[in-house]
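For reference, the structure is listed below as structure tokens.
In the text below, chain A, chain B and the rest are named by the order of the sequence lines, each starting its count at 1. Below, all heavy atoms of this structure are taken into account, side chains as well, without hydrogens, waters or symmetry copies.
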Amino acid sequence: MDDGVLLSIDGAERVFGGGRTIFGGKKPAVHAVQDVTIDVRKGETLGIVGESGCGKSTLARMIVGLDVPTGGRITFDGRDLAAEAGKDLRRLSRDVQYVFQDPVASLNPRKTIRTILEAPLIHLLRLGKPEREKRLSELMDAVNLAPEFLDRYPHEFSGGQAQRIGIARALAADPKLIVLDEPVSALDVSVQAQVLNILDGLKERFGLTYVFISHDLSVVESVSDRVAVMYFGRIVEIGAGRSIFRTPRHPYTHLLLESAPAPGRKSLLSEDADTELPDPYNPPPGCAFYARCPRRTDICNRQEPPLEAAPHQEEQLAACFNPREGA
Amino acid sequence: MSETTATAPARREKLPKRKRGRPDSIRLLLNNALATAGLVVFVLIVLVAVAAPLLPLPDPDATAPANRLLRPLAEGHLLGTDALGRDILSRLIWGTQVSLAVGVSATLIAAFFGSLIGLVAGYAGGRIDTLLMRGIDMVMAFPYILLALAIVAVLGPGLLNALYAIAVVNIPFFARNIRGIALGLSRREFVDAARLSGKSNAQILFIEVLPNVLPVIIITMSTTIGWMILETAGLSFLGLGAQPPQADLGSMLGEGRKILFTAPHVSVIPGVMIFALVMSINLLGDGVRDVLDPRLKSGALTRPVARTAVMRDQVPGGIEPDAEAVLDVRDLKTEFRFGGDVFKAVGGVDMKVGQGECLGIVGESGSGKSVSAMSIMGLVPTPPGRITGGVALLEGEDLFAASDERIRQLRGSAVSHVFQDPLSTLHPLFTVGDQLVEAIQAHAPLSGSAARKKAADLLKTVRIPNPAERLKSYPHELSGGMRQRVCMAMALAHDARVIIADEPTTALDVTVQAQVLSLLDTLREERNAGILFITHDFGVVSAICDRVAVMYAGQFVETGTTEEILTSPAHPYTAKLIDCVPVLGEPERRLDAIGGRPPVVNDLPVGCAFADRCPRAGDDCRAAPIPLTEFGEGRTVRCIHPLNAEAEHG
Ligand SMILES: Nc1ncnc2c1ncn2[C@@H]1O[C@H](COP(=O)(O)OP(=O)(O)OP(=O)(O)O)[C@@H](O)[C@H]1O
Ligand code: SF4
Ligand code: SF4
Ligand SMILES: [Mg+2]
């Protein structure tokens, strides 16, 4: 493992369902995440984009130890993360934290903000009362909220404020890596900008590493150093944000970019109305994008395309037999 | 760190005024006359029962055969005596004490064990859940009273054993109620968050989940305690509870039964007491439930009024309908009333949608976009909503003056809706196919098979794979995106002249969104349908809308063609809103957040509603209402210091 890699995901896989019923019939299985391999380097922001159901959240939950991979290995700082999460989630939670999509649902409605923020200080850091007080005011300051908020209940907050509390909670244990699963999707655009700016500031101030998950390409582009594009449980393209967004090689990335609405963009590219999305219970053979792909050839539905670098560009990998060239 | 902390002390957000919690609940309870009556009666009974040892009562068990069966109001015996000459008043009060004590204890025991089982089953899920709940099912499989009888038969008659029996048979009731709630809560994100905060399972269950379940436990207790008192009385009545000579309400009733005709007062008096006690507890329990869980309020379960109340001060006359417009809304005002507060959700809005035109309404959440759109077909719930002004003309016909029947005909045919949350449109218990067929047949005389075929075609139009199979699916079996496409299909079922689409693509993936948008686009061209399109996304606006209106605090602050507004916004709010959105292909752009929050619409300022957040605000902005004024050709703006004014006029 080369230096500077903080989180290393190696062939991770998560299958839901499967097994057999008591009568011996096969239960349907869904491969939510398949053969995902990514390294996250210290101090970078890795963006993960993809559409609903592509496995982003499942991957995120495996990184923080809320879910266990059914195959592959995830290591954090050289430690086997899945094994550690099974034994003692607390140790992992000191280093890896999570920010939830729905800021209000992730705060217990019957607890004050103080109780919510104190939990990680007590259970993860085992701080005494005076240190806790000090840390609480640091945290509130970090997310730019007045200390009076501490004794309020979650319903008294707007979405943006609630999300900042969610961020403060993730920060509380002084983690090295924060996984942000759609942290701004539930927020209004004006508030979204506030939260993105705060996240940006915190990253520098505390030397954090982010895994930033979103379905919103423009948000991911604005925060990420590197970007991974997921489709149907797999990574189909990964590389520096700049190059992926400028010269996508995988046809799916291209489609995403062309479909994204942008102010001033009149016509969105849209596929034929009868192309079908793959059915997770009945996955197609070969490339999952085959049915929708304008560049497909015979090989595509016979073989799984491997994730490979472009000839002159070591950093941008795409899983496609006929990638777009120098677009 | 960025500018956010540099200005932190000055810009930190102010707290909203805090609401008082507890006193409100009690006040709410006292607002309910029946519950108050229940409370008064119950407290009286409890006070008297508790005070029994202090009251100058004769010994309840002292027999006096000479004085047997005295009628009420006899000397020395206010309520008379029973067959053994015991004072009924004394027995009644002591008996009430016993019945209350048994009922309350049984409730507490049942609540404790039932809730514990429910909590653990709901939280643990999987095998533990199955095991516990099958056990509970087995208990429930016995007829209720039979089980109680069996338990007493095993343990032997006696008050304490009756108490256990009643408690045991009521455990399943608590367990099932609580399990459902705990199950839902345990899948909530805050439970995951607590886990990542280092809490153990037990800590999560009792510190995080339990407080959220507590109101339900209390509601369940308050609604079952009367029932348990009744059951205790039942067992005693059968001679299995309180043993002679001890009095409790049930045994008194049982003893009086044999002489019901010769001396009715002996049984009627305890009967009345049981009635008063149980009734008062139930009334109080219902009141408590209404306060703690407003969704279950008896009124809330009745059908809401099918159409928004229209209460216009004056019906605006002499309006020239615009011949070009399919939908022409003028000066729409919609309010919500809660107690004394009036929330002016929509404060005078004009919307005009031409044939085949798409008008976009953009704004942040809470700005009144949805209420504006829902007012048109009377879909704002009443109470608390009401339309207080304006007209909505559908091809010249005033919708606010139309009959309910006419509105029903128009809904789903001439005017169809697509909402953001597909679950609000789809019924969870019917298949997608059934619901589509119903929507088709509601306005078209098609046979079942023809309607089913059309339903499958519609699903194909909205790109659902394998439509014939999917017709058999229930909404919960589809992904969020699929569900929304089913709703789109439903809206397309008839040749709508106006489609009101409320954030229809917000929950969709970008590629599907592009599909749906181009579908809508094709549709309005082919069928000349007008679209009222609500969104918060300027990108989506660009893709489909010809004209756009920017909404803030219940009013339009700027209207114009999409291109003009996006390239040269005139209202400072529009400009800021555009600036704070990241744009694909411009990752370096600094996002300029808008500080502060929009005003609450029950307390709007006199002047410009945006003044507190506006960099161009001056004193004149706050002095008087700002009118929506013409700003060049076909464009209006509600601002007295608009941007680009120089360019526009000079
Ligand atoms: N507990 C579960 N049981 C069965 N299938 C599941 C479960 N959780 C997720 N899945 C399936 O796994 C796949 C990936 O789900 P995941 O929640 O990771 O998607 P996502 O990209 O986060 O979607 P969204 O953007 O909608 O949140 C989906 O097909 C989903 O239906
Ligand atoms: S592998 Fe083939 S089908 Fe898959 S994306 Fe590439 S060209 Fe298209
Ligand atoms: S009227 Fe004044 S406060 Fe309101 S938007 Fe215009 S400049 Fe700002
Ligand atoms: Mg997700």
Compute the ring centroids of A:Phe100 and B:Phe190, then answer whether they are less than 6.0 Å apart. no
If I measure from the heavy atoms of chain B, does [X] come under 4.5 Å with its side chain, its backbone, both, or neither?
X	result
A:Ala119	both
A:Leu257	both
A:Arg169	side chain
A:Leu217	both
A:Arg94	neither
A:Leu124	both

Any heavy-atom pair between the side chains of A:Glu221 and A:Ile244 that's under 4.5 Å? no
Looking at CG of B:Asp546 and CZ of B:Phe533, how far apart are the two atoms once the value is rounded to the nearest 0.5 Å? 12.0 Å
B:Gln203 side, atom CD; A:Ile122 side, atom CD1 - distance, nearest 0.5 Å: 9.0 Å
[X] versus [Y], closest heavy-atom pair with distance:
X	Y	result
A:His215	A:Ser185	CE1-OG, 3.8 Å
B:Ser186	B:Ala182	OG-O, 2.6 Å
B:Ile565	B:Gly560	CD1-N, 3.4 Å
A:Pro154	A:Lys111	CD-O, 3.1 Å

When [options] are compared by non-hydrogen pairs under 4.5 Å with chain B, the top option:
options	result
A:Gly160, A:Ser224, A:Ser93	A:Ser93
A:Ser222, A:Ala193, A:Ser106	A:Ser106
A:Gln192, A:Lys203, A:His123	A:His123
A:Val220, A:Asp102, A:Asn108	A:Asn108
A:Ser190, A:Ala172, A:Ala170	A:Ser190

Salt bridge check: are A:Arg91 and A:Asp88 linked by an N-O gap of less than 4.0 Å? no
Non-hydrogen atoms of chain A under 4.5 Å away: do they reach the side chain of [X], the backbone, both or neither?
X	value
B:Pro598	neither
B:Leu196	both
B:Asp579	neither
B:Leu214	neither
B:Ser200	both

Judged by atom type as modelled, is there a donor-acceptor pair below 3.5 Å linking the side chain of A:Arg226 to the main-chain atoms of A:Gly241? no
With A:Leu208 as reference, evaluate A:Thr45, A:Leu177, A:Leu171 under the side-chain contact (heavy atoms from CB on, under 4.5 Å) test and give the passing residue. A:Leu171
Top contributor to chain A interface from [options] [non-hydrogen pairs under 4.5 Å]:
options	result
B:Lys576, B:Arg195, B:His536	B:Arg195
B:Val191, B:Asn212, B:Leu185, B:Leu577	B:Asn212
B:Asp521, B:Val581, B:Asp192	B:Asp192

Heavy-atom count around B:Glu563 CD within 6.0 Å, excluding the residue itself: above 12? no
